[in-house]
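Data block below; observations after.
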Amino acid sequence: MELRHLRYFVAVVEEQSFTKAAEKLFIAQPPLSRQIQNLEGELGIQLFERGSRPLQTTPAGHFFYQHAVKLLSNAEEIKSMAKRIGLIDRSVTIGFVGSLLYGLLPRIIYLFRQQQPHLNIQLVEMSTTEQLQALKEGRIDVGFGRLRISDPAVRRILLRKERLVVAAHTSHPIAQRTEGVYLADLIDEKMFMYPTSPKPNFSTQLLNIFAEHSLVPKNMHEVREIQLALGLVAAGEGLCVIPASADTIRFPHLNYIPILDNGAVSPIFLTARAMDRSEDLQLLFDCVYQVYDLEGIPYQRTVFTLDQNPIDDSVGIDF
Ligand code: BEZ
């Protein structure tokens, strides 16, 4: 006896007719009658009163019907529970560099959670270098970072290049230059760099940008993290260069001034295992673009497919 036999039997009882039950089940009547006969044969009992119109169950048939309904409903429950467990078990662990938390990362993750309510989404703060190792060891599935680090096992996609701004106390002459300043204007200033985590990190990237403009800042101080650097700037201790999206960090008497040089940008990369075929990755990628659309951020869309070049830096916008 299979579940299909129970389904056929229940349909015949509820429709009180083989013809109507066959229509409901989308099968022809003769095979339906045959299946019920087989069932009666297997049980060795009669399930329907012969010649009754409308069709009536025998007492044994009635007992069998009540339990068949329960069994079928249990089977449905098992099916949907298994599906739900399967969905809940799907998980995506995302590594990210701290500064992205002050920009679009929370919106992107919130949207991803809303659109994928069954997905178990975990966030882990780590440097771009750590993300590479974590991807290869399977501790994370996606990384969002700022450094252009390559590895044949990892696919890297440039999402966009973000402008840099300089934070200055309102009493500092640079704070009045609301139209913007150049990197050359900053080299004699006391500047706080972050983080102190192992290099390469954001401060390495910043020094490279100065070097690409043939500039060497003369008075640099490294501090543990962005909040600390900006707190010190708000105390009138010096200046600090940050990615523009982190200007959501507010301190009294703190102004953010755009840096006007073309190369004064910090890229944002998405990295994933080169062979990862997961649809969840594509869905997360879509959320990034949806937030860019909502924020009016220009980008050049790329399709996240497997046959894509593992390193794709061509998709970002060059300012
Ligand atoms: C962005 O600001 O473009 C961004 C931040 C976090 C993850 C992805 C993109």
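Counting starts at 1 for both ligands and their atoms, following the listed order. Index from 1, following the sequence.
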> Any side-chain donor paired with an acceptor under 3.5 Å for S91 and Q122?
Replying inline: no
> Of K161, R146, R160, E162, which has the heavy atom at the shortest distance from atom 2 (O) of ligand 1?
Replying inline: R160
> For atom 8 (C) of ligand 1, which protein heavy atom lies nearest, and how many Å away is it?
Replying inline: I108 CD1, 3.5 Å
> What is the closest protein heavy atom to atom 1 (C) of ligand 1, and at what distance does it sit?
Replying inline: I268 CD1, 3.3 Å
>> Is it true that, when you exclude R4 itself, more than 12 heavy atoms of the residues, nucleotides or ligands shown sit nearer than 6.0 Å to its CZ?
In response: yes
>> List the residues meeting side chain to side chain donor-acceptor pair (under 3.5 Å) with Q115, not counting sequence neighbours, and say none if there are none.
In response: Q290
> Between T128 and R146, is any side-chain donor less than 3.5 angstrom from a side-chain acceptor?
Replying inline: no
> For ligand 1, is any non-hydrogen atom under 4.0 Å from L105's backbone (N, CA, C, O), its side chain (CB onward), both, or neither?
Replying inline: both
>> Return the closest protein heavy atom for atom 3 (O) of ligand 1 as residue, atom name and distance.
In response: Y292 OH, 2.4 Å
>> Looking at ligand 1, is there an atom of it that comes within less than 4.0 Å of some heavy atom belonging to F96?
In response: no
> What orientation do Y289 and Y292 show, parallel under 30°, tilted 30 to 60°, or perpendicular over 60°?
Replying inline: perpendicular
> Should the proximity of L159 to ligand 1, defined as any heavy atom under 4.0 Å, be assigned to the side chain, the backbone, both, or neither?
Replying inline: side chain
> Any idea which atoms of ligand 1 are less than 4.0 Å away from a heavy-atom of F144?
Replying inline: 7 (C), 8 (C)
>> Just to be sure I read this right, does ligand 1 sit under 4.0 Å from the backbone of L270, its side chain, both, or neither, counting only heavy atoms?
In response: neither
> According to the side-chain hydrogen bond (donor to acceptor under 3.5 Å, both in side chains) rule, which pairs have a member within residues 242-256, sequence neighbours left out?
Replying inline: E162-S245
>> Has Q176 got a side-chain atom pairing as donor or acceptor with T170's backbone, closer than 3.5 angstrom?
In response: yes
